[in-house]
Amino acid sequence: MQTLRVELGERAYPIHIGERLLADAGLVAAHLDLPKVAVVTNTTVAPLYLQQLSEALRARGVEVISIVLEDGERYKDWATLNRIYDALLERRCDRRTTLIALGGGVIGDLAGFAAATYMRGIPFIQIPTTLLAQVDSSIGGKTGINHPLGKNMIGAFYQPRLVLADTAVLASLPPRELSAGLAEVIKHGLIRDEGFVAWLEQNVEKLLDCDAEALAHAVRRCCEIKAAVVAEDERETGVRALLNFGHTFGHALESALGYGKWLHGEAVAAGMVMAADLSRRMGYIAQADVDRVVALLKRARLPVAPPDIAPGRMLELMAVDKKTEGGKLRFVLLDRIGAASIRAEVPAGLLQQALAASAG
Ligand SMILES: NC(=O)c1ccc[n+]([C@@H]2O[C@H](COP(=O)([O-])OP(=O)(O)OC[C@H]3O[C@@H](n4cnc5c(N)ncnc54)[C@H](O)[C@@H]3O)[C@@H](O)[C@H]2O)c1
Ligand SMILES: [Zn+2]
């Protein structure tokens, strides 16, 4: 097992990464105020891992309540959030009950927001079970739900006390979900660490085969990068925005296609190609760099071009993305492979060209 820390002063917390950590209840028990937890999970993850976790905790004398929700992004909503509150109230959970999220990013975001708001905040632990959640969503304290008018529009910053990333659970992920997680893995390399990109170029097939050692390395490196970025800029007033590389385009693609058609990571993959292409048009990187991004994403079995969407429609959708500031679109663009900056001065003409090129 390897342990990192997210350095946030009195809200600092450890991330444990390793195989079969789920059955090691001592790791969780060490962070509980009272021996009582409520595990929030879904109908897909529960039959796979809930029993393993609950039994280990019960064997240590911890009372375990389980809250099993429907599976899917469309359940990241008020109605489902209310089901968590209902269960907590019915089971008389008080402020010292710890909420545990056992699942992917949807469960983590929902349960985290429930923990942030139930009785004005109760202890929270993340046990992420998708690659995307282990490398990205479980770290950093962004929690929330979707609103009919926009994704992730209702939420709170609320840090967990512990993140437990058990890489063994990734073996049951559908291949498409594993690839979608790889998009975020590649993103971490592209914005921050060329050496890691080179490592990915050597090891992407191993990751697709769920090679334990390769997965542990990739998860650890991404957690290190994300933890450092979050420690520097918890509320996203600066460097944390770099983690949105590919996301301005990606979010627009997701909403143009309708949520659920493409996975988030797939839209981000195509979005990163568009952002890399725009970086080249701005003169920051060479065509060879763009080709390198495309080749790696392809090998990770990710889409590298969006379906045909009119540039005008993309512009419209990008303008509603919450990352616009004062009406001006800001882009995370590559300075080179392994470094990125936020740019607000992209000429409309170049953006049009980038959108038209990807649509053609
Ligand atoms: N909070 C953040 O900082 C942050 C960052 C990125 C993404 N997100 C959010 O995360 C969500 C996407 O997360 P995701 O990609 O994990 O999707 P997800 O939570 O929908 O999980 C994907 C699918 O895999 C299933 N699953 C989970 N673990 C499994 C396992 N071990 N074996 C088999 N199946 C398993 C899930 O039930 C689901 O069907 C989005 O809502 C996005 O907004 C949040
Ligand atoms: Zn993302």
Side-chain angles (χ1 to χ4, degrees), residues 6 22 40-50 52-53 68-77 80 101-113 116 124 126-147 150-160 163 165-188 191 210 215 222 226-227 229-230 234 236 240-251 253-255 259-260 262-269 271-272 321-323 332:
V6 185
L22 214 54
V40 178
T41 185
N42 71 24
T43 50
T44 303
V45 178
L48 294 169
Y49 304 112
L50 180 58
Q52 206 180 325
L53 175 68
V68 181
L69 306 172
E70 299 298 316
D71 183 4
E73 179 76 32
R74 69 180 184 283
Y75 295 102
K76 204 171 110 176
D77 66 355
T80 311
L102 175 70
V106 168
I107 288 296
D109 282 9
L110 258 171
F113 189 48
F124 177 48
Q126 286 270 20
I127 306 187
T129 63
T130 63
L131 181 59
L132 181 137
Q134 294 192 354
V135 300
D136 195 346
S137 62
S138 67
I139 306 156
K142 281 194 188 174
T143 73
I145 57 170
N146 300 325
H147 184 278
K151 198 171 138 74
N152 296 329
M153 284 297 155
I154 316 295
F157 282 99
Y158 195 67
Q159 301 293 344
V163 179
D166 181 341
T167 50
V169 306
L170 302 179
S172 57
L173 272 185
R176 228 182 125 191
E177 297 288 351
L178 190 70
S179 288
L182 279 177
E184 305 281 10
V185 170
I186 292 167
K187 175 195 79 180
H188 283 95
I191 62 168
C210 276
L215 279 175
C222 292
K226 180 132 192 203
V229 167
V230 167
E234 185 181 11
E236 198 171 311
R240 187 165 181 173
L242 297 182
L243 294 168
N244 296 321
F245 177 61
H247 282 62
T248 300
F249 292 113
H251 286 152
L253 289 175
E254 279 184 281
S255 40
Y259 290 109
W262 277 24
L263 299 176
H264 172 72
E266 293 171 336
V268 167
M272 288 194 290
D321 196 76
K322 65 177 183 291
K323 272 100 203 173
V332 182

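Order of listing sets the numbers, starting from 1, for every ligand and every atom in it. These numbers were taken from a predicted model, which means no experiment stands behind them.
- The closest donor-acceptor contact from the side chain of Gln159 to the backbone of Gly141 lies under 3.5 Å.
- Separation of atoms CD1 (Ile139) and SG (Cys222) is listed at 8.5 Å; rounding is to 0.5 Å.
- Using a 4.5 Å heavy-atom cutoff, the side chains of Val229 and Leu242 are not in contact.
- With Asn152 as the partner, the side chain to side chain donor-acceptor pair (under 3.5 Å) test is satisfied by one option alone out of Lys142, His251, Lys76: Lys76.
- A salt bridge is defined here as a Lys NZ or Arg NE, NH1 or NH2 lying under 4.0 Å from an Asp or Glu carboxylate O, and Lys226 with Asp136 meets this definition.
- Excluding waters, the set of protein N/O/S atoms under 2.8 Å from the Zn ion (ligand 2) reads Glu184 OE2, His247 NE2, His264 NE2.
- For the residue pair Gln134/Asp166, the side-chain donor-acceptor check at 3.5 Å is not satisfied.
- If you look at ligand 1, the protein residues with a non-hydrogen atom under 4.0 Å away are Asn42, Thr44, Val45, Leu48, Tyr49, Asp71, Glu73, Lys76, Gly104, Gly105, Val106, Asp109, Thr129, Thr130, Leu132, Asp136, Ser137, Lys142, Lys151, Asn152, Val169, Ser172, Leu173, Pro174, Glu177, Lys226.
- For the residue pair Tyr49 and Ser172, a side-chain donor N or O sits within less than 3.5 Å of a side-chain acceptor on the partner.
- Between the side chain of Thr143 and the main chain of Ala156, a donor-acceptor pair closer than 3.5 Å is present.
- Just one of Glu254, His264, Lys151 meets the side chain to side chain contact (heavy atoms under 4.5 Å, CB included) condition when paired with Glu73; it is Lys151.
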